S.K.: 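Before I ask anything, here is the structure I am working with.
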Amino acid sequence: MKIIFATGNRDKMREIREIMEGSSYEICSMKEAGIDLDIEEDGSTFEENALIKARAVADLAPGAIVLADDSGLEVDAMDGAPGIYSARFMGHNTSYEVKNQYILDRLAGLSAEERTARFACAIAAVFPDGEEIVIRRNMEGGIGEKMAGENGFGYDPIFLPKGYDVSSAELPAEEKNQISHRGKALRAMREKLVEYASAHCQ
Ligand code: IMP
């Protein structure tokens, strides 16, 4: 059975392929499925945005299972911002060095208890029979006092996962995947997809 992952992001494709390895599914990118679509993410939650993307691609891919994800950083002292606007925060073309410095400045003087934050990832699946599932998982933590680390991407240099005294940009990729919002959501989705395959395929 075929799964289309509604993303143009190579790293996300690699991650889903690794996590689905050994399953009976063939995993395709949108491009490999011949779908070129610019989808407006106008939902108000990670879950809604993931579903909007998955539904839009599912309309063009009858018979396939379509997955899509949406993720971001919620900073409690900023009322949950940047949240669903994480990629667009301060403009798509603004560097993460500038975005991260802005968040550090906003939180200047706050104690560790006041610096709580989390990464969230929602993954939606739309099945050929119309069934839909959305799974959200978080990685809890806080915003550090400075940027640190070269691994990862985006807001990783300022994010300290709970129980760690290093940023998620200082963790090796495999270690981050074990605890990350996206790793946890993908592994939970894998379980649902394996259940679906055993119920629907001989
Ligand atoms: P999207 O899920 O591709 O829409 O991207 C969400 C945005 O959230 C990314 O561009 C990053 O800014 C941020 N983000 C999501 N997950 C992570 C992560 O694991 N580390 C750092 N930033 C992240």
Side-chain angles (χ1 to χ4, degrees), residues 5-19 29 39-50 53 68-123 135-189:
F5 194 23
T7 182
N9 181 313
R10 282 176 182 219
D11 291 327
K12 288 186 181 176
M13 282 311 301
R14 185 178 36 77
E15 218 175 327
I16 179 111
R17 284 200 165 101
E18 280 167 15
I19 284 173
S29 65
I39 304 157
E40 195 187 346
E41 296 172 30
D42 55 2
S44 56
T45 61
F46 295 111
E47 287 90 335
E48 276 175 26
N49 280 337
K53 287 185 260 188
D69 80 328
D70 197 49
S71 59
L73 174 70
E74 291 178 343
V75 179
D76 293 327
M78 291 168 55
D79 295 327
I84 57 167
Y85 303 106
S86 291
R88 297 168 258 177
F89 184 57
M90 300 175 74
H92 260 297
N93 295 326
T94 304
S95 74
Y96 275 95
E97 194 153 351
V98 171
K99 297 185 199 207
N100 284 331
Q101 190 56 54
Y102 173 84
I103 295 174
L104 292 175
D105 291 345
R106 283 278 307 261
L107 271 57
L110 297 188
S111 66
E113 294 71 43
E114 294 167 316
R115 303 177 77 92
T116 49
R118 71 205 51 76
F119 278 120
C121 176
I123 302 187
I135 290 173
R136 172 181 164 151
R137 293 290 183 275
N138 295 336
M139 170 164 60
E140 296 292 338
I143 302 299
E145 300 276 354
K146 57 177 172 37
M147 290 179 234
E150 304 290 327
N151 302 331
F153 65 101
Y155 300 99
D156 279 324
I158 58 167
F159 185 80
L160 307 178
K162 196 172 179 177
Y164 288 73
D165 57 6
V166 293
S167 79
S168 46
E170 292 177 283
L171 294 177
E174 308 74 54
E175 202 174 340
K176 182 185 160 192
N177 286 344
Q178 287 308 311
I179 58 166
S180 81
H181 49 314
R182 191 171 301 99
K184 288 191 285 193
L186 280 170
R187 287 190 292 274
M189 183 57 84

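The figures that follow rest on heavy atoms only: side chains count, while hydrogens, waters and symmetry mates do not. A quick note: this is a predicted structure, and the numbers were derived from the prediction, not measured.
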S.K.: Can you measure from NE2 (H181) to CG (D69) and round to the nearest 0.5 angstrom?
M.R.: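 Rounded to the nearest 0.5 Å, the NE2-CG separation comes to 8.5 Å.
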S.K.: Give me the atom names and distance for the closest heavy-atom approach of A68 to A50.
M.R.: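 Minimum heavy-atom contact is CB-O, 3.4 Å.
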S.K.: Distance check, rounded to the nearest 0.5 Å: S29 atom OG versus K12 atom NZ?
M.R.: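 Separation between the atoms: 13.5 Å.
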S.K.: Between M90 and V98, which heavy-atom pair has the shortest distance, and what is it?
M.R.: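 That would be CE-CG1, 4.0 Å.
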S.K.: Look only at the side chain of K53 and the backbone of E41, and say whether a donor-acceptor pair between them is shorter than 3.5 Å.
M.R.: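 No; zero donor-acceptor contacts below 3.5 Å.
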S.K.: Are any of the side-chain heavy atoms of S167 and I158 separated by less than 4.5 Å?
M.R.: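 SC-SC contact between S167 and I158 ruled out.
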S.K.: Between CD1 of I19 and CE of M189, what distance do you get to the nearest 0.5 Å?
M.R.: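 Nearest 0.5 Å value for the CD1-CE distance: 12.0 Å.
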S.K.: Return the minimal non-hydrogen interatomic distance between S71 and S86, and the atom names on each side.
M.R.: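 So the minimum-distance heavy-atom pair works out to O-CB, 4.5 Å.
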S.K.: Among all residues two or more places apart in sequence or in another chain, which pass the side chain to side chain donor-acceptor pair (under 3.5 Å) test with Q101?
M.R.: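 Counting only residues at least two positions away or on another chain, Q101 forms a side chain to side chain donor-acceptor pair (under 3.5 Å) with D105.
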S.K.: Could you work out, with ring-ring contact (aromatic ring centres under 6.0 Å, His included) as the rule, every residue matching Y85, not counting sequence neighbours?
M.R.: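 Once residues adjacent in sequence are excluded, Y85 has no partner under the ring-ring contact (aromatic ring centres under 6.0 Å, His included) criterion.
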S.K.: If I take atom CD1 from residue I123 and atom CG from residue D70, how far apart are they, to the nearest 0.5 angstrom?
M.R.: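 Output value for this atom pair is 10.5 Å.
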S.K.: Going by atom type alone, with no hydrogens or angles, which donor-acceptor pairs under 3.5 Å involve a side-chain atom of residues 114-121 and a protein atom two or more places apart or on another chain?
M.R.:
unit_1 : atom_1 : unit_2 : atom_2 : d
E114   : OE1    : S111   : N      : 2.8
E114   : OE1    : S111   : OG     : 3.2
R115   : NE     : I143   : O      : 2.8
R115   : NH1    : L107   : O      : 2.9
R115   : NH1    : L110   : O      : 3.3
R115   : NH2    : G144   : O      : 2.7
T116   : OG1    : D76    : OD2    : 2.7
R118   : NE     : E140   : OE1    : 3.0
R118   : NE     : E140   : OE2    : 3.2
R118   : NH1    : E74    : OE1    : 3.3
R118   : NH1    : D76    : OD1    : 3.1
R118   : NH2    : D76    : OD1    : 3.4
R118   : NH2    : D76    : OD2    : 2.9

S.K.: For a quick test of reading the model, state the closest non-hydrogen atom pair linking A188 to R137 and the distance between them.
M.R.: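 Nearest pair, atom of A188 first, then R137: CB-NH2, 3.5 Å.
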S.K.: Would you call Y155 and I103 a side-chain contact if the rule is heavy atoms closer than 4.5 Å?
M.R.: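 Yes, at least one pair of side-chain atoms sits under 4.5 Å.
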S.K.: Run the ring-ring contact (aromatic ring centres under 6.0 Å, His included) test against F5 and tell me which residues pass, sequence neighbours left out.
M.R.: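 ring-ring contact (aromatic ring centres under 6.0 Å, His included) list for F5, sorted by chain: empty.
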S.K.: Going by side-chain contact (heavy atoms from CB on, under 4.5 Å), name the residues that satisfy it together with P157, two or more places apart in sequence or in a different chain.
M.R.: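 Residues passing side-chain contact (heavy atoms from CB on, under 4.5 Å) with P157: N100, M147, A169.
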S.K.: What closest approach, in Å, do P82 and V75 show between heavy atoms, and which atom pair accounts for it?
M.R.: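 Between these two residues, the closest heavy atoms are CD-CG2, 4.3 Å.
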S.K.: Given side chains that start at C-beta, do those of Y164 and E175 come closer than 4.5 Å, heavy atoms only?
M.R.: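 In contact.
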S.K.: Cation-pi between K99 and Y102: NZ/CZ under 6.0 Å from ring centre and within 45° of the ring axis?
M.R.: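 No, K99 does not sit over the ring of Y102.
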S.K.: Side chains of I179 and L171: closer than 4.5 Å at any heavy-atom pair?
M.R.: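 A side-chain contact under 4.5 Å exists here.
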S.K.: Taking atom CG of D165 as the centre, does the number of heavy atoms from other residues, nucleotides or ligands within less than 6.0 Å exceed 12?
M.R.: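 Not buried by this count: 12 neighbours or fewer within 6.0 Å.
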S.K.: Measure the CD-CZ distance between E15 and R182 for me, rounded to the nearest 0.5 Å.
M.R.: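 Between E15 CD and R182 CZ, I get 5.5 Å after rounding to 0.5 Å.
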S.K.: With salt bridge (charged side-chain N to carboxylate O under 4.0 Å, His left out) as the rule and sequence neighbours excluded, what pairs involving residues 81-91 come up?
M.R.: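 For residues 81-91, and leaving out neighbouring residues, there are no salt bridge (charged side-chain N to carboxylate O under 4.0 Å, His left out) pairs at all.
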S.K.: With rounding to the nearest 0.5 angstrom, report the CZ to CG distance, R17 to L186.
M.R.: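 Interatomic distance, R17 CZ to L186 CG, rounded to 0.5 Å: 13.0 Å.
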S.K.: If you define the side chain from C-beta out and look only at heavy atoms, does anything of K176 sit under 4.5 Å from D156?
M.R.: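 Yes - at least one pair of side-chain heavy atoms lies under 4.5 Å apart.
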S.K.: Indicate the atoms forming the closest heavy-atom contact of K184 with Q178, along with that distance.
M.R.: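 For K184 and Q178, the tightest heavy-atom pair comes out as CG-O, 4.3 Å.
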